[in-house]
Amino acid sequence: MSLSVRYTRGFLLDLKRRLSFVQRAHDLLEMKRDQEMRELGSAIDRLRELRVVLEKRIEEVLRDLAMLQAVYGSQEIISASMLMDERIEIEVLPRNVMGVNVPMIKIVRVPEVKGRYPLHIEGLAEKVRGLLEDLLRAAELEAFVELIAEDLRKTSIRVNALEKVIIPSYEAMIRKIGEVVEQSALEDFIRVKLVKRVLERRRTE
Amino acid sequence: MSVTYLVCRVHGYETRLIKPNRMLELASLSSLEALIRALGEVDYGRYLSGAKTLGEVEQGLAEAFISKLTPLLELASGGIRRFLEAYLRRYEALNLTWILRMKAGEAPREMVEQILLPTWRLGGIDLKLILDAENIEAVKKIIRQSGAYKISEDVKDLLQLEAELWRSHYQRVFKLASRTKISDSREVRRLLGIELELSNLRTCMLALLRNWDPKRVQGLLMDNPAGTPLKLLQELVERRDPHIFMERFKMFRSFLEKAISGDVWLMEIEALRILKRYLDSERIGKFISFFYILRYILELEIEYRNLRAIAVMIHHNLPQESRRILLITN
């Protein structure tokens with residue numbers, strides 16, 4: 001913190017105003033940090049739950065795929081996979097969470113699976129489609145966690161800097177300037193008293 | 001050459017088939033290299049030498065399978081050869097369904113070529129022409145011009161087109177089965193009938209369970225001259241209740257149950273088991289019978305599918321119990 005220090009009452013008042021502003025900012029940042037921690041905690045919980053479901057689903061899809069491949073051969077799976085000529089359409093929109101822009105995935109269109117695959121493969125295709133939607137949800141949540149965690153780190157650094165460096169230095173400066181100002185006020189007072197006494201003595205002579 | 005000679009050769013070929021116990025031993029192997037080594041000891045060695053990946057093993061097994069079918073055509077003559085050619089076109093029909101799907105997905109030619117069974121060795125359509133075709137319409141034109149399959153021009157739905165290919169294939173085989181002078185033609189028709197019945201039932205059951213429109217399902221069913229009439233199947237589908245099928249087709253209950261349990265792949269396994277059981281249960285009094293040729297073809301297909309399944313299961317490191325479920329050994 002570089003400030004050209006002036007040991008004046010006006011500067012002291014200005015410094016006190018600044019300190020109260022910094023303290024308010026600190027309180028706000030502390031609130032933001034707490035809120036971010038809560039958001040992060042709940043997002044991590046949701047992500048953990050989603051991951052368990054996702055892993056189970058992936059396992060199931062891979063098992064079905066392996067079984068179908070074993071029974072019908074790779075040719076059947078490769079050729080059937082070519083039947084899908086549409087793509088899943090998504091839009092990634094920004095969402096503002098406590099000043100952090102996090103991506104929000106909006107699924108615009110999911111290709112219809114029903115009736116497009118041979119009957120013995122349709123079930124697997126439907127499971128894969130469901131899995132893709134879940135993977136997008138997980139990706140959205142992971143990005144959210146990552147961005148909020150990064151912002152939380154920055155906020156924590158700011159809170160700590162305010163708490164441990166800036167506010168104490170302001171307080172120390174205010175204390176020092178206060179002492180100097182008080183000292184100079186006392187000196188002025190004594191000087192005035194002395195002058196007054198000299199003037200009174202001259203008047204009586 | 002005479003049918004007698006062909007049947008005798010088939011009896012000889014049968015001895016080369018891998019025994020169920022050996023198949024179970026192969027299924028318990030832990031790596032593709034071990035499988036390739038083990039198969040090298042029997043007559044698969046030359047087809048699998050140099051194979052390293054799953055794709056290469058599958059290709060080698062397909063080569064071996066088709067190579068084992070070709071002598072049957074070389075040894076057959078006259079009506080029997082015509083019937084066998086038509087019957088073996090089932091593998092060509094499989095190739096055509098794969099080509100059609102990949103053409104629809106605009107897959108590159110090399111990718112399509114890689115997955116095909118080498119059916120050109122069994123005669124039939126020149127697949128090179130089909131592979132060079134620009135689009136599905138061009139493929140349909142070539143198939144129509146070959147005269148081997150009857151497919152209507154206005155069919156746009158790919159699944160229906162596949163059904164038309166199979167419908168046309170079975171019509172031809174049934175026609176030749178009744179025209180050709182073959183011994184045990186009753187059993188041959190019955191075998192084809194069961195095969196078609198199972199295929200139709202699978203379509204009906206899965207379509208009902210997946211809530212497909214009955215009208216669309218009707219377009220996928222095939223007329224079965226030796227089984228349940230198409231009209232009756234269509235009526236049953238209209239009723240939209242899979243349990244009616246369970247009641248009506250009690251002899252295929254084990255097959256239909258697999259659809260309800262959701263293990264679709266087991267339907268295919270069960271279908272092959274039913275066919276194998278039928279072939280094993282038919283007691284033919286004489287040593288020389290055409291039926292043995294069809295039995296050998298099916299057993300060869302089962303062996304091919306078992307080995308392919310084992311390779312895939314080893315590749316995916318599936319648990320031993322699952323491996324046994326997917327094998328057709330009885």
Side-chain angles (χ1 to χ4, degrees), chain A residues 51-90 107-136, chain B residues 54-55 58-59 61-62 94-95 97-107 111-112 114-117 157-159 162 202-207 209-213 216-217 220 259 262-269 272 304-305 308-313 315-318 322-323 325-327:
Chain A
R51 277 219 174 137
V52 171
V53 176
L54 210 56
E55 271 170 29
K56 220 173 179 179
R57 279 187 150 193
I58 290 173
E59 215 171 272
E60 200 183 320
V61 164
L62 287 178
R63 176 184 159 265
D64 286 7
L65 180 67
M67 292 296 206
L68 277 173
Q69 194 183 356
V71 173
Y72 291 96
S74 302
Q75 302 105 319
E76 185 72 9
I77 306 293
I78 294 170
S79 63
S81 69
M82 291 284 163
L83 289 173
M84 181 50 71
D85 52 355
E86 288 173 34
R87 286 168 195 271
I88 188 163
E89 266 179 48
I90 58 162
I107 299 172
V108 182
R109 202 168 58 90
V110 183
E112 186 52 62
V113 166
K114 195 174 171 186
R116 301 190 63 169
Y117 284 97
L119 277 157
H120 55 280
I121 293 188
E122 195 183 83
L124 175 70
E126 219 159 62
K127 279 184 187 172
V128 172
R129 194 184 72 159
L131 184 67
L132 270 179
E133 288 181 35
D134 281 352
L135 278 171
L136 286 172
Chain B
L54 174 66
E58 280 188 285
Q59 242 172 355
L61 291 172
L94 252 183
N95 268 347
T97 58
W98 295 332
I99 293 174
L100 282 168
R101 287 176 195 173
M102 297 199 64
K103 283 273 174 201
E106 291 169 6
M111 193 179 170
V112 187
Q114 270 178 3
I115 67 163
L116 297 181
L117 295 170
D157 180 357
L158 208 56
L159 297 184
E162 287 178 17
R202 178 175 32 222
T203 305
C204 293
M205 279 299 273
L206 292 179
L209 291 169
R210 305 209 59 80
N211 212 13
W212 276 32
D213 180 11
R216 177 125 195 255
V217 183
L220 303 180
D263 298 329
V264 184
W265 47 86
L266 288 181
M267 285 187 98
E268 184 76 2
I269 300 292
L272 284 166
Y304 162 60
R305 297 183 92 159
R308 188 181 64 188
I310 289 171
V312 174
M313 290 186 288
H315 175 77
H316 287 292
N317 199 18
L318 288 184
S322 305
R323 295 187 190 186
I325 293 169
L326 297 189
L327 290 184

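Chain A is the first sequence line, chain B the second, and so forth, proteins listed ahead of strands; every chain is numbered from 1.
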Qualifying residues under side chain to side chain donor-acceptor pair (under 3.5 Å), relative to Glu60(A), sequence neighbours excluded
Lys127(A)

Set of side chain to side chain donor-acceptor pair (under 3.5 Å) partners for Glu126(A), sequence neighbours left out
Arg210(B)

Answer yes or no: is there a side-chain heavy-atom contact under 4.5 Å between Ile78(A) and Gln114(B)?
no

Between Arg101(B) and Glu76(A), is any pair of side-chain heavy atoms under 4.5 Å apart?
yes

For Glu86(A), I'd like to know if atom CD has over 12 heavy atoms of other residues, nucleotides or ligands within 6.0 Å.
yes

Any chance CZ of Arg109(A) has more than 12 other-residue heavy atoms, nucleotides or ligands included, within less than 6.0 Å?
yes

Take Leu62(A) and His316(B) through the side chain to side chain contact (heavy atoms under 4.5 Å, CB included) test and state the conclusion after the steps.
CA-CA 9 Å; Leu62(A) 287 178; His316(B) 287 292; over 6 Å; no

Pick one of side chain, backbone, both or neither for [X], based on which atoms fall under 4.5 Å of a heavy atom in chain A.
X: Leu54(B); value: side chain
X: Thr97(B); value: neither
X: Leu61(B); value: neither
X: Met267(B); value: neither

For Tyr117(A), which atoms come within 4.5 Å of any heavy atom of chain B: side chain, backbone, both, or neither?
backbone

Check whether Arg116(A) gets within reach of chain B through its side chain, its backbone, both or neither, counting any heavy atom under 4.5 Å.
backbone

Check whether any side-chain N or O of Glu58(B) sits under 3.5 Å from a backbone N or O of Ser74(A) as a donor-acceptor pair, and report yes or no.
yes

Keeping Arg308(B) on the side-chain end and Tyr72(A) on the backbone end, is there a donor-acceptor pair under 3.5 Å?
yes

Taking all heavy atoms of [X] and all of [Y], pick out the closest pair and write down the distance.
X: Ile115(B); Y: Gln75(A); result: O-CG, 2.9 Å
X: Gly115(A); Y: Trp212(B); result: CA-CZ2, 3.4 Å
X: Leu83(A); Y: Leu158(B); result: CD2-CD2, 3.1 Å
X: Leu326(B); Y: Ala70(A); result: CD1-CB, 3.7 Å

Given the options Leu68(A), Leu119(A), Leu65(A), Val71(A), which has more heavy-atom pairs under 4.5 Å with chain B than any of the others?
Leu119(A)

Option in Arg63(A), Lys114(A), Glu122(A) with maximal non-hydrogen atom pairs under 4.5 Å from chain B
Glu122(A)

If you count heavy-atom pairs within less than 4.5 Å of chain A, which of Asp263(B), Val264(B), Ile325(B), Leu159(B) leads?
Leu159(B)

Could you check which of Asn95(B), Leu206(B), Leu100(B) has the highest count of heavy-atom pairs closer than 4.5 Å to chain A?
Leu206(B)

CD on Glu106(B) to CG on Asp85(A), rounded to 0.5 Å:
8.5 Å

Measure the spacing between CH2 of Trp98(B) and CD1 of Ile77(A) and express it to the nearest 0.5 Å.
11.0 Å

Pair Gln69(A), His315(B): side-chain N/O donor-acceptor within cut-off below 3.5 Å
no

